[in-house]
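Report on the following structure.
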Amino acid sequence: MSNEILLALAGLILAPLAGGLISGIDRKLTARVQGRVGPPITQAFYDAAKLWVKDTPVANPWLTFCSWVYLGGAATSVVLFFLGSDLLLVFFVQAVGAVFLVIGALSVPSPYSQVGGQRELLQMLAYEPLLILVIVGIFVTTGSFRIEDVFHHDTPLLLELPLLFVVLGYALTIKLRKSPFDISGSHHAHQ
């Protein structure tokens, strides 16, 4: 049990670091494809540090609450994943956090926030059923929703579920806010 807790804590610490580095590599590759030099790979960490020291006015206390629930949902889903928990539980905890992100955006009277919140809600309605379909496909193949049972499956799931892999690719493109699905989380409202 202590190894699982250490693994969950390591995942909780390493997941944001890995996410920042992957984001930096993605931004660098995108810039190279467009013929630009691009930002440094560690730019996401510079941006986060800049936001932490910035004094930001809060429109209402509900926005702060929704932000903390979103962060808590993301952190809890990472911990549950590394504990080898149930895939459905990880999915629904993450989904509750995402719903609070939308609620937080809609609680602010800014028109940009309203448009972003509505688009994020529509995108959630598009990718959440796809993710449920993939999780059910994994269950039908492995016989379990538990992550550790999925990892111990005898053959790679890609070979048994190639079409669901394509569905997962589309769902993750929307969920990770990659082009052309990035406008709801974009700082460029004119895109």
I'd like to know if Lys175 pairs up with Glu128 as an ion pair, taking the criterion as any Lys NZ or Arg NE/NH1/NH2 lying under 4.0 Å from an Asp or Glu carboxylate oxygen.
no
Identify the heavy atoms of Ile132 and Leu88 that sit nearest to each other, and give their distance.
CD1-CD2, 4.1 Å
Taking all non-hydrogen atoms of both residues into account, name the closest pair between Pro129 and Leu125 and its distance.
CD-O, 3.3 Å
Not counting sequence neighbours, which residues clear side chain to side chain contact (heavy atoms under 4.5 Å, CB included) with Leu29? List them please.
Ile25
Over all atoms of both residues, closest heavy-atom pair of Asp149 and Ser144:
OD2-OG, 2.8 Å
Do you know the tightest heavy-atom contact between Gly97 and Tyr70?
O-CD1, 3.1 Å
Phe92 reachable from Leu101 in the ILVMFWY side-chain graph, under 4.5 Å edges:
no
Ring-ring centroid check Phe139 Phe145, cutoff 6.0 Å
yes
With sequence neighbours left out, the residues meeting side chain to side chain contact (heavy atoms under 4.5 Å, CB included) with His152 are Glu148
Which residue pairs pass the salt bridge (charged side-chain N to carboxylate O under 4.0 Å, His left out) test with at least one member in residues 99-118, sequence neighbours excluded?
none
Would you say Val99 ends up clustered with Trp68 if hydrophobic residues are merged whenever their side chains have heavy atoms under 4.5 Å apart, either directly or through other cluster members?
no
Would you say the side-chain atoms of Ser23 pair up with the backbone N or O of Gly19, donor to acceptor, closer than 3.5 Å?
no
Single-linkage hydrophobic cluster, 4.5 Å side-chain cutoff, Phe151 and Ile138 together:
yes
For Ala74, all residues meeting side chain to side chain contact (heavy atoms under 4.5 Å, CB included), sequence neighbours excluded:
none
Please report the shortest heavy-atom distance between Gly20 and Phe45, naming the atom on each side.
CA-CZ, 3.8 Å
Identify all side-chain donor-acceptor contacts of residues 102-111 below 3.5 Å with residues at least two apart in sequence or on another chain.
| unit_1 | atom_1 | unit_2 | atom_2 | d |
| --- | --- | --- | --- | --- |
| Ser107 | OG | Gly104 | O | 2.8 |
| Ser110 | OG | Tyr112 | N | 3.3 |

Quick test of your reading: applying salt bridge (charged side-chain N to carboxylate O under 4.0 Å, His left out), list the pairs with at least one residue in residues 32-57, sequence neighbours left out, ordered by first then second residue.
Arg27-Asp47
Heavy atoms only: give me the nearest Gly11-Val78 pair and the separation to one decimal.
O-CG1, 3.7 Å
Could you walk me through whether Leu168 and Leu131 pass side chain to side chain contact (heavy atoms under 4.5 Å, CB included), step by step?
CA-CA 7 Å; Leu168 183 63; Leu131 289 177; 3.7 Å; yes
Quick check for you: to the nearest 0.5 Å, what is the distance between Phe81 atom CZ and Ile147 atom CD1?
5.0 Å
Before giving the answer on side chain to side chain contact (heavy atoms under 4.5 Å, CB included), spell out for Arg177 and Glu120 the whole-Å C-alpha distance, their side-chain angles and the decisive distance to 0.1 Å.
CA-CA 9 Å; Arg177 296 180 185 95; Glu120 184 68 24; 3.0 Å; yes
Taking OH in Tyr127 as the centre, count heavy atoms belonging to other residues, nucleotides or ligands within less than 6.0 Å. Is the count above 12?
yes
